[in-house]
Amino acid sequence: MTRPFNFSAGPATIPLAVLNKAGAEIADWRGTGMGVMEMSHRGASFGEILNTTLATVREVLAVPAEFEILFMQGGGLAQNAIVPMNLCGGAHPKVDVAVTGSWSQKSYAEAKRYADVQMAFDGKPHQFHTVAPVADWQLRADATYVHLCSNETIHGVEFQSLPDLKALGIDAPLVIDCSSHIASRAVEWDKVGVAFAGAQKNLGPAGVTMVFVRSELLNQAMAICPSAFNYQLVSNNTSMYNTPPTYSIYMIGLVFEWLQSQGGIAGIEAQNIAKSTRLYDAIDRSSLYRNEVDPAFRSRMNVPFLLADEALNERFLAEAKAANLLSLKGHKSVGGMRASIYNAMPLSGVEALVDFMQDFERRQ
Ligand SMILES: Cc1ncc(COP(=O)(O)O)c(C=O)c1O
């Protein structure tokens, strides 16, 4: 059977080479007689897996030495609470959140449990199709931190560059939820205080969350912060304060080795530009399909598109499935379609989708 192309927004397609390697090692990792799932996290073999994974991630993502790299649990949504609990230990914490789509909307609501929260930008009146220039955001000079979602998975809105808070006279760390575009492009680490990402889009299986945190931010937790979610404790214990999601971490290691084989971040970013350009060009040239996001903020990872006649949606999806193109249904809050074209989606998958879309349009 030909493997279909899976456009799911997450959990999402994983490179076949990675799945095959994991499959070959599933019952016996390098002659140990144990699969990775069966090993003690305190043993030498898992220690090697963890250390190699950390080193590979640091190298591929060019993570500067002043950042700690943590593997945590709870996903992106848990970080919406874990971040304020770790950064808001001082008196009268203030958090400014740019709401550019559903995920930052959730971050905004959750942070309110811990801090005085202000909406720095509200994308809702713009149907989350664009983002105002950062100079026009409502930002407080004494904010504890500023939060944004650097790629909105549902609305398909991506920051092509991050705001430079220092240049705006704001001395607060920038927190980014980069769950759905981590490792798809270079990270502007100099502008970031904390970055977090659930793994299930670009990094591997669900169940592990990567957190990159500047060391200087490790000691600002609120007293109520649970120990297992305290960045300082997790960091002091090399992500093994509690039992980490060992298999997911191993898979991340394999995915980053695969990224090296793709030419690292520069190589994968070039592929992502080529894939997303191909799809947006096809949408823009068509009279059946449209994407409503401001071109300056169009996501390279998540491409939502609507059909001019919504009555065709069900047929589009059924025929796409029959053509081996899976999981194209858009999120219910925006409707239409969404093609998630993460790192592991090959250009041939995007070409197959474009060919199908053009053929479907011709037949209407
Ligand atoms: C940008 C973003 N943030 C957060 C989440 C929530 O992640 P989780 O379900 O792992 O908590 C998602 C999930 O799709 C997401 O796309």
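Counting convention: from 1, in listed order, for ligands and their atoms alike.
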**Message:** Can you work out which protein residues put a heavy atom within less than 4.0 Å of ligand 1?
**Reply:** G75, G76, L77, W103, C149, N151, T153, D177, S179, S180, Q200, K201
**Asked** Is it true that D309 and R315 make a salt bridge, defined as a side-chain N closer than 4.0 Å to a carboxylate O?
**Response** no
**Request:** Might you point out which heavy atoms bring L70 and S239 nearest each other, and give the distance in Å?
**Result:** CA-OG, 3.5 Å
**Prompt:** In a check of ring-ring contact (aromatic ring centres under 6.0 Å, His included) between F212 and each of F196, F67, Y231, W189, which one passes?
**Reply:** W189
**Heavy-atom donor-acceptor pair, R338 side chain to T153 backbone, under 3.5 Å** = yes
**Prompt:** So, does E158 use its side chain to make a donor-acceptor pair with the main chain of R300 at under 3.5 Å?
**Reply:** yes
**Asked** Same hydrophobic cluster for Y250 and I14, using side-chain heavy-atom links shorter than 4.5 Å among ILVMFWY?
**Response** yes
